[in-house]
Novice: 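Take this structure, written in structure tokens, and hold onto it; I'll ask about it next.
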Amino acid sequence: MSNAGWHPDPGGAPGMFRYWDGSAWSSALSPNPYAPPPVPPAMPGAEIPAGPGASTGWGNGGAGTPGASAPSGSQPIQLGHGQGRAGSLRQPGGQYGQDRGTIREAGQAGFDPDAGYPTPPRAGRGIGWWVLIGVLVIGMIVGGYTLLRGAGIGPFGGTPPASNPTGDVCPKRNIDPSAQPTNPSHRTADGRIVGGKLSYPALGSPWGSPHPDDRVPFGRDTATQEVVTENNFDGRGSSWVASVLVGELVAGDGFFSPQQGSEIVSKCVLGVFYADADVNRRDVVNRATTVGGKDAWEVEMHLSFDIPGLREKGETAIIVIVATGAEASSIYYASIPDSRPELLQTARQVQKQLRVEP
């Protein structure tokens, strides 16, 4: 229900206000919308006394005559909310209407005595509509921003540069400590370096001797060769290196396609190899390929970073995942700092010379 108060007269009286008590219209009119509420009507059944000079409201009246009687057979005028009561208030010059539960007045401009007055607007309804419109507008703005950003349109650009993810981004290494490497020497009969089911020609100076690398979270049965590019860069004995590596892929439970394996390794590299530094990734190559007739996926990406104490500010990482068995894959991984471009050429040559071992 709407709030009680003075409202513009629904009967159309110019400049006049009629009082709404919260459930029905009052008979009172006022030119002042801030006037106090009118005196409540008499209880149902109470007769209105006709004082001296008062009009009974009967006849074609003007002021009426003191003590004048109502027409024959009529009932005293009653105020209240009776249902279907015969008779209602009547203004001079007007006509009778039928009381339907509220006191109505006839004779006002634009008033239909059988239709009644409309209920005044409920308080707060307009505010509710504005709130709804505001919510819809905000939703459209947010949705448009999301679509534009995803499509690479507008000042927000497209896909932002990749950075190192957080959390557990590397696959679990379920390694049996008692298991022995397939080839403990990590060399083939013709002198190639082997890890997992992949091999490459052994590299000479400045590359170091091949050795296993159990620190790599995405591989096992690995063999790697390295070149130190920056010694003790953090004052705690850590060194930055260029490296090439082959081994069996560890990609978690179940079988992964070469492409899925490359995505797992890429996230792991970004997540654990650069401490807490922000790493920006730019893919140079990301495509399907083959190695020794086996399905493979190749990723070459340039990484930019700023690690305290380290002069290097970027490097290139190469990841090649090869489906070397029905439910197994092997990996070739190389990381070459920007300060040693000649080593990057070596790493690309090694990639071309990969061989799948039986």
Side-chain angles (χ1 to χ4, degrees), residues 170 173 175-250 261 265 268-269 272-275 291-292 296 298-301 303 307 309-312 314-322 324 328-358:
C170 292
R173 300 180 67 198
I175 299 178
D176 183 357
S178 64
Q180 297 296 319
T182 304
N183 186 339
S185 67
H186 292 288
R187 287 185 181 270
T188 64
D190 56 357
R192 293 171 66 92
I193 309 303
V194 61
K197 295 293 185 180
L198 288 180
S199 69
Y200 67 89
L203 301 175
S205 181
W207 296 90
S209 299
H211 62 274
D213 189 349
D214 293 334
R215 300 169 300 171
V216 180
F218 47 77
R220 60 187 166 210
D221 188 20
T222 60
T224 184
Q225 289 187 264
E226 299 173 339
V227 176
V228 176
T229 61
E230 199 169 333
N231 270 313
N232 193 24
F233 69 87
D234 60 356
R236 295 177 294 179
S238 300
S239 298
W240 204 257
V241 301
S243 66
V244 295
L245 175 146
V246 288
E248 182 183 353
L249 174 66
V250 176
V265 173
C268 181
V269 167
V272 302
F273 281 10
Y274 303 93
V291 174
E298 169 192 5
V299 174
E300 181 176 320
M301 55 188 178
L303 308 176
I307 298 175
L310 183 67
R311 292 192 302 270
E312 297 288 352
E315 66 182 18
T316 296
I318 299 174
I319 299 169
V320 180
I321 307 297
V322 185
T324 50
S329 296
S330 294
I331 179 173
Y332 168 68
Y333 171 72
S335 61
I336 311 297
D338 289 348
S339 64
R340 301 298 297 270
E342 75 281 7
L343 301 182
L344 179 58
Q345 294 302 317
T346 301
R348 287 172 174 161
Q349 291 173 1
V350 168
Q351 177 185 344
K352 294 177 181 178
Q353 295 175 309
L354 290 174
R355 186 174 78 190
V356 177
E357 299 295 331

Novice: With the side chain counted from C-beta on, respond yes when L343 and V227 share a heavy-atom pair under 4.5 Å apart, and no when they do not.
Specialist: yes
Novice: Nearest 0.5 Å, please: how far is CD in E248 from OG in S329?
Specialist: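 The distance works out to 9.0 Å.
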Novice: With a 4.5 Å limit on heavy-atom distance, are the side chains of F233 and S239 in contact?
Specialist: no
Novice: Measure the spacing between CD1 of I318 and CG of L245 and express it to the nearest 0.5 Å.
Specialist: 13.0 Å
Novice: Please test T316 against L303 for side chain to side chain contact (heavy atoms under 4.5 Å, CB included), starting from the C-alpha separation and ending with a verdict.
Specialist: CA-CA 6 Å; T316 296; L303 308 176; over 6 Å; no
Novice: To check you understand the geometry: which heavy-atom pair defines the closest contact between Q225 and G208, and what is its length?
Specialist: NE2-O, 2.8 Å
Novice: So do the side chains of V244 and L203 get within less than 4.5 Å of each other, counting heavy atoms only?
Specialist: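 Answer yes - side chains close enough.
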Novice: I'd like to check the side-chain hydrogen bond (donor to acceptor under 3.5 Å, both in side chains) partners of T222; sequence neighbours left out, ordered by chain and number.
Specialist: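 T222: no side-chain hydrogen bond (donor to acceptor under 3.5 Å, both in side chains) contacts found.
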Novice: Using the side-chain hydrogen bond (donor to acceptor under 3.5 Å, both in side chains) criterion, which residues pair with R348? Sequence neighbours excluded.
Specialist: E300
Novice: Looking at N232 and G237, what are the two nearest heavy atoms and their distance?
Specialist: OD1-N, 2.6 Å
Novice: For V194 and G196, which heavy atoms make the closest approach, and how far apart are they?
Specialist: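 Taking every non-hydrogen atom into account, CG2-O, 4.0 Å.
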Novice: Just wondering, do H211 and H186 contact through their side chains at under 4.5 Å, heavy atoms?
Specialist: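 No, side chains not in contact.
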Novice: For the residue pair W240 and L310, establish whether any side-chain heavy-atom pair is separated by less than 4.5 Å.
Specialist: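 Side chain of W240 against side chain of L310, heavy atoms only: contact under 4.5 Å found.
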Novice: To the nearest 0.5 Å, how far apart are CD1 in I319 and OH in Y333?
Specialist: 6.5 Å
Novice: If you measure only the distance, is there a donor-acceptor pair under 3.5 Å linking the side chains of Y200 and Q349?
Specialist: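 No, Q349 and Y200 have no side-chain donor paired with an acceptor closer than 3.5 Å.
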Novice: Say whether, by atom type as modelled, one donor and one acceptor occur between the side chain of R187 and the main chain of I193 under 3.5 angstrom.
Specialist: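 Between the backbone of I193 and the side chain of R187 there is no qualifying donor-acceptor contact (under 3.5 Å).
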Novice: Do E315 and Y274 have side chains that get closer than 4.5 Å, going by heavy atoms?
Specialist: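 Answer yes - side chains close enough.
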Novice: Would you say D213 and E226 make side-chain contact, with heavy atoms under 4.5 Å?
Specialist: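 Yes; the side chains approach each other to less than 4.5 Å.
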Novice: Nearest 0.5 Å, what's the CG-NZ distance between L249 and K197?
Specialist: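 It comes to 14.5 Å.
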Novice: Are D190 and R355 within salt-bridge range, i.e. N to O under 4.0 Å?
Specialist: yes
Novice: Do you see a donor-acceptor pair shorter than 3.5 Å between the side chains of T324 and S330?
Specialist: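 S330 and T324 do have a side-chain donor-acceptor pair below 3.5 Å.
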Novice: To the nearest 0.5 angstrom, please state how far the CD atom of E230 sits from the CZ atom of R340.
Specialist: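 So the CD of E230 and the CZ of R340 are separated by 12.0 Å.
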Novice: Are V246 and I331 close enough that some pair of their side-chain heavy atoms sits under 4.5 Å apart?
Specialist: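 With C-beta onward as the side chain, the pair stays apart.
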Novice: At their closest point, which heavy atom of I336 faces which heavy atom of L344, and how far apart are they?
Specialist: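 Shortest heavy-atom separation between I336 and L344 comes out as CG2-N, 3.4 Å.
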Novice: Are S243 and S335 close enough that a side-chain donor and a side-chain acceptor fall under 3.5 Å?
Specialist: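 A pair is found: one side chain offers a donor N or O, the other an acceptor, under 3.5 Å apart.
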Novice: Nearest 0.5 angstrom please: I321 CD1 to L198 CG, how far?
Specialist: 9.0 Å
